Amino acid sequence: MSPALRPRNDNFLRALLQQPVDRTPIWLMRQAGRYLPEYCATRRRAGDFLTLCKSPDLACEVTLQPLARYDLDAAILFSDILTVPDAMGLGLYFEAGEGPRFERPLREEWAINNLTAPDPYDHLGYVMDAVRTIRKALDGSVPLIGFSGSPYTLACYMVEGGGSKDFRHIKSMLYARPDLLHRILAVTTEAVTAYLNAQIECGAQAVMIFDTWGGSLSHAAYSEFSLVYLQKIIAGTHKTWADAAIPSIIFTKGGGQWLEQIAASGCNGIGLDWTTDLAAARRQVGDRVALQGNLDPNALFAPPEVIAAEARKVLAAFGPGNTGHVFNLGHGISRFTPPEHVTALIEAVHQAQGSEAR
Ligand code: CP3
C-alpha cells in the first residue's frame with residue numbers, strides 16, 4: 001500500500017488484509033441512520049430518504065455524523081443497495097413506514113429480456129459524486145467503505161417489488177423459471193461489478209457486498225443463485241487501485257453454514273451475523289479470510305455494563321492474535337438504539353485491547 005494513500009488510522013484495512021493492527025477496528029452497519037438525531041435533522045432538510053441519497057453534499061454530511069460522535073475506525077458511504085435497480089429503471093420509492101417499493105417489479109419475460117446494466121458514471125453519478133466528496137472530507141483520517149447489494153438480494157426486491165416475508169414471487173421464479181432468474185442475476189452481476197469498480201475509482205478503499213437474503217435459500221440454491229454471482233463479482237472487482245490494496249467483504253446474513261464456500265470466493269473478509277459462533281467460524285476459515293462481526297444489534301438495548309460484557313464476549317470468541325477481526329454488529333443498528341449505548345460499545349471494544357482482544 002502506498003503510504004501517501006494510507007489513512008492515518010488504517011486498522012480496518014489492515015485487519016481485513018491480515019496485517020498487524022494497533023487495536024481491533026470497529027464500525028457499525030447503518031452507523032449513519034435514524035437512531036442519531038442529527039441524521040433525522042438532515043433527512044428532514046433533504047425532504048426524504050431518497051433525496052438524501054441523491055444529494056452528494058448531504059450524503060457526505062450524514063456519512064460523517066457518526067464519526068464526529070464516536071471513535072469509529074471506518075466510514076461507510078451513505079446510500080442504499082436499491083439505487084442499482086433504480087438505475088435499471090424499476091422506479092424506486094419509499095412508502096412512509098413501509099420500506100422500499102418498486103413501481104415496476106420485474107416479473108414479465110419481456111421486461112427481464114430487456115434488462116441492461118447501467119453505466120455507473122452516467123446513471124449513478126450522484127453516488128460517485130458522494131464517494132469523491134466523502135473521501136475528500138475524510139482527509140485521510142479513516143478508510144471509506146463502498147458497497148453494493150448482492151445480485152440475489154437485489155433480485156429479491158426487484159421481483160417482489162419491495163420487502164417480503166415469504167419471497168413467494170422470487171422463489172416461484174427460482175423453481176419454475178430458473179432461466180429467467182439467472183438472466184436477472186447475470187445482468188445484475190454485471191451492474192454490481194461496474195458499480196463497485198466505479199466506487200473504487202472514485203475513492204472507496206474497501207468494498208462490502210450485502211447478501212441480506214442469501215440465507216433464505218436452500219443449501220443447493222445458495223450455491224447456484226447467490227454464491228456463483230458473488231464469486232464473479234469478486235473476480236471482476238479491482239484488487240488494487242492507485243497502488244493500494246482494496247479489500248472486499250461478503251456478508252451473507254444467515255450464511256454461517258457456508259463459510260468454507262464463501263472463503264473460497266476470493267474475498268478478504270466474511271461478515272457474520274450474531275447466530276454464528278465466531279470462535280468456530282475462525283477455526284473453520286483459519287487465516288484464509290478475516291472475520292467481521294458479530295454482536296446481536298439488540299444487545300445495544302441493554303444497560304452499558306451489559307453491552308460492555310457482551311462486546312468482551314465477542315472479542316474473546318474471536319480469541320488471541322493481533323489481526324483478522326473487524327468488530328461489527330451482526331446486522332444493521334436499530335433505529336431505536338440509544339446513541340449513548342453506542343459510546344459504551346465502542347469504548348468497551350477499544351479498552352479491551354491488550355486483554356481479551358489479544
Ligand atoms: O451502513 C450504512 O450506514 C450505510 C448506508 C446503508 C443504508 N442501507 C442506509 C439506509 C446501507 C449499507 C444500506 C444497505 C441496505 N439497504 C440493505 C442491506 C443491509 C441490510 O440492512 O440488510 C438493504 C436490504 C437495504 C434496503 C432498504 N433500505 C430497506 C429494507 C430499508 C428500510 C429499512 C427500515 O429500517 O425502514 C432501507 C432504508 C434505509 N437505508 C435507511 C437507511 C439509513 C432508513 C431510511 C430512512 O432514513 O427512513
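What you see is a predicted model, and the numbers here were worked out from it, not measured in a lab. We count ligands from 1, going down the list as the structure has it; atoms in each ligand are counted the same way. The first residue of the sequence shown is numbered 1, and numbering continues consecutively from there.
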Open item on the list: Whether E61 and R45 form a salt bridge (side-chain N of Lys/Arg under 4.0 Å from carboxylate O of Asp/Glu) is what I want to check.
Closed with: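 A salt bridge links R45 with E61.
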
Among all protein heavy atoms, pick out the one at the shortest distance from [atom]; state its residue, atom name and that distance to 0.1 Å.
| atom | answer |
| --- | --- |
| atom 38 (C) of ligand 1 | F94 CE2, 3.6 Å |
| atom 31 (C) of ligand 1 | P100 CD, 3.9 Å |
| atom 47 (O) of ligand 1 | Y39 OH, 2.5 Å |
| atom 46 (C) of ligand 1 | R43 NH1, 2.8 Å |
| atom 39 (C) of ligand 1 | F49 CZ, 3.4 Å |
| atom 9 (C) of ligand 1 | S79 O, 3.3 Å |
| atom 36 (O) of ligand 1 | R34 NH2, 2.9 Å |

I want to confirm something. Looking only at heavy atoms, which of [options] is nearest to [atom]?
| atom | options | result |
| --- | --- | --- |
| atom 33 (C) of ligand 1 | Q31, R30, M29 | R30 |
| atom 24 (C) of ligand 1 | Y157, F147, F210 | Y157 |
| atom 37 (C) of ligand 1 | D80, L82, L50, I81 | D80 |

Task: Proximal ligand 1 atoms for L77, defined as those under 4.0 Å from one of its heavy atoms - done: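 Listed by number with element: 4 (C), 5 (C).
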
- [ ] For the residue pair W258 and Y222, categorise the inter-ring angle as parallel (less than 30°), tilted (30 to 60°) or perpendicular (more than 60°).
- [x]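 Judged by the thresholds at 30° and 60°, the geometry between W258 and Y222 is parallel.
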
TODO: Return the orientation label for the Y229 and H182 ring planes: parallel under 30°, perpendicular over 60°, tilted otherwise.
DONE: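 Rings of Y229 and H182: tilted, as their planes differ by 30° to 60°.
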
- [ ] Kindly write out the residues that satisfy side chain to side chain contact (heavy atoms under 4.5 Å, CB included) with T343, not counting sequence neighbours, or none if the list is empty.
- [x]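 By the side chain to side chain contact (heavy atoms under 4.5 Å, CB included) rule, T343 matches Y70, E347.
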
Can you tell me if [X] contacts ligand 1 (heavy atom of the residue under 4.0 Å from the ligand)?
| X | result |
| --- | --- |
| W213 | no |
| A32 | yes |
| H331 | yes |
| L28 | no |

Open item on the list: Can you confirm if the aromatic rings of F78 and Y39 lie within a centre distance of less than 6.0 Å?
Closed with: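 Yes, ring centres under 6.0 Å apart.
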
Task: Nitrogen or oxygen of T212 less than 3.5 angstrom from that of ligand 1 - done: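 The answer is yes, given that T212 and ligand 1 share an N or O pair closer than 3.5 Å.
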
